[in-house]
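A short write-up of the structure that comes next.
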Amino acid sequence: MSSNDTLKVAIIGGDGTGPEVAAEGVKVLDAVAKLEGIKYELTDFDLGGERYLKTGEIMPDKELEELSKFNSILLGAVGHPDVAPGILEKGLLLALRFKFDQYINLRPVKLFPGVETPLAGKGPDDIDFVVVRENTEDMYCGVGGFLQKGTPNEVATQTAIYTKKGCERCIRWAFELTRKRNKKKQLTLVAKTNVLTYGHDLWWRTFQEVAGEYPDITADYNHVDACCMWMVKNPEYYDVIVTTNMFGDIITDLAGILQGGMGVAAGGNINPEPGGTSMFEPMGGSAPKYTGKGVINPIAMISASAMLLDQAGYSNAAERVMKAIQIVTGSKMKSQSAGKMGYSTSEVGDLVCESL
Ligand code: IPM
Ligand code: MN
């Protein structure tokens, strides 16, 4: 990206602690943009539970159309205690992932210096891998239904959809990332081919085919249950994991806790195509009980901002933010848990800015 371009970022603070952490992400973006001479513009979008409760609108066409003009969205959190589960998640978060065809959900798992992991005897050298989660298919498509709902004979189906195109583009992107990362040069497919003998057979065959184009990368395979075991026992085994949407959702919560918890774990919903709209978010939810108290950890959000910069082509700025985060976790913060950081949400943002 040339220095004449303006980086346009859409901000969706969303629910609960979302706006508080988003403000820190923006603070750091602002500071690094000044240091790196990046021209950028921010546009705020009022979306989330409060608006839904007031107006009944979740993701109006007008906003969707507006958002489609951005390459980068920063999302705080989705989930409101007064809105039934599923409504905002499906209507906002999943709607954006699907609408903008963000087929990669990239979740780096890195234990920063000074951050506590629940794994005994493991440190930052042991916990450093990346999960590439397919983000548009599987049981997330909402294909299914009820028969005889509410009766003793009720039947419910929820169908996992896998397409050749969908798994191939995700697998190929993961091979490319493994090559670019240039660490162990090992890509592990995580699936369940011994039970899901149709859908995951498609993934397996496609993985083997694409692996043929990457002779420099070791194409490895784990069943998902074994992966959970290895991730706890030997996290250092992993370099890059590629997996289906639902398994990726589950294993990245496990991975998130290994890297210090939801205050630290960030992810990107990426549409890698030219002009695609990508969206970056902390993995934690809206944490209603901490809302407005200034105690929530913004590190995940700040990491998400770094991922945004990287995806937008500003890799120096991204690296600068990642280094600053590690100075702050390694030498300032007491803990990564909400309320125990030794600093307020906004002070942690300030510390990262000072460390840039
Ligand atoms: C995540 C979340 C979402 C998901 C929910 C909120 C729909 O758990 O981003 O991992 O399942 O993808
Ligand atoms: Mn999840």
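Counting starts at 1 for both ligands and their atoms, following the listed order. Sequential numbering from 1 along the given sequence is applied to the chain's residues.
- The two atoms that bring Tyr40 and Val26 nearest to each other are OH-O, 3.9 Å, heavy atoms only.
- As for Asp249, its N/O/S atom nearest the Mn ion (ligand 2) is the one called OD1.
- Dense packing is recorded around NZ of Lys164, with more than 12 heavy atoms of other residues, nucleotides or ligands lying under 6.0 Å away.
- The side-chain tip of Arg172 does not point at the ring of Tyr103 from less than 6.0 angstrom away and within 45° of straight on.
- Judged by the 6.0 Å distance and 45° axis criteria, Lys180 is not positioned over the aromatic ring of Phe175.
- For the 3.5 Å distance criterion, the side chains of Thr188 and Asp220 qualify, holding a donor opposite an acceptor.
- The heavy-atom pair separating Met322 from Ala306 by the smallest distance is SD-CB, 3.5 Å.
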Which pairs of nitrogen or oxygen atoms, taken one from ligand 1 and one from the protein, are under 3.5 angstrom apart?
residue	atom	partner	partner atom	Å
ligand 1	8 (O)	Asp249	OD1	3.3
ligand 1	9 (O)	Arg97	NH2	2.7
ligand 1	9 (O)	Arg107	NH2	2.8
ligand 1	10 (O)	Arg107	NH1	3.1
ligand 1	10 (O)	Arg107	NH2	3.1
ligand 1	10 (O)	Arg133	NH1	3.3
ligand 1	10 (O)	Asp249	OD1	2.9
ligand 1	11 (O)	Tyr140	OH	2.6
ligand 1	11 (O)	Asp249	OD1	3.4
ligand 1	12 (O)	Arg97	NH1	2.7
ligand 1	12 (O)	Arg133	NH1	3.3
ligand 1	12 (O)	Arg133	NH2	2.8

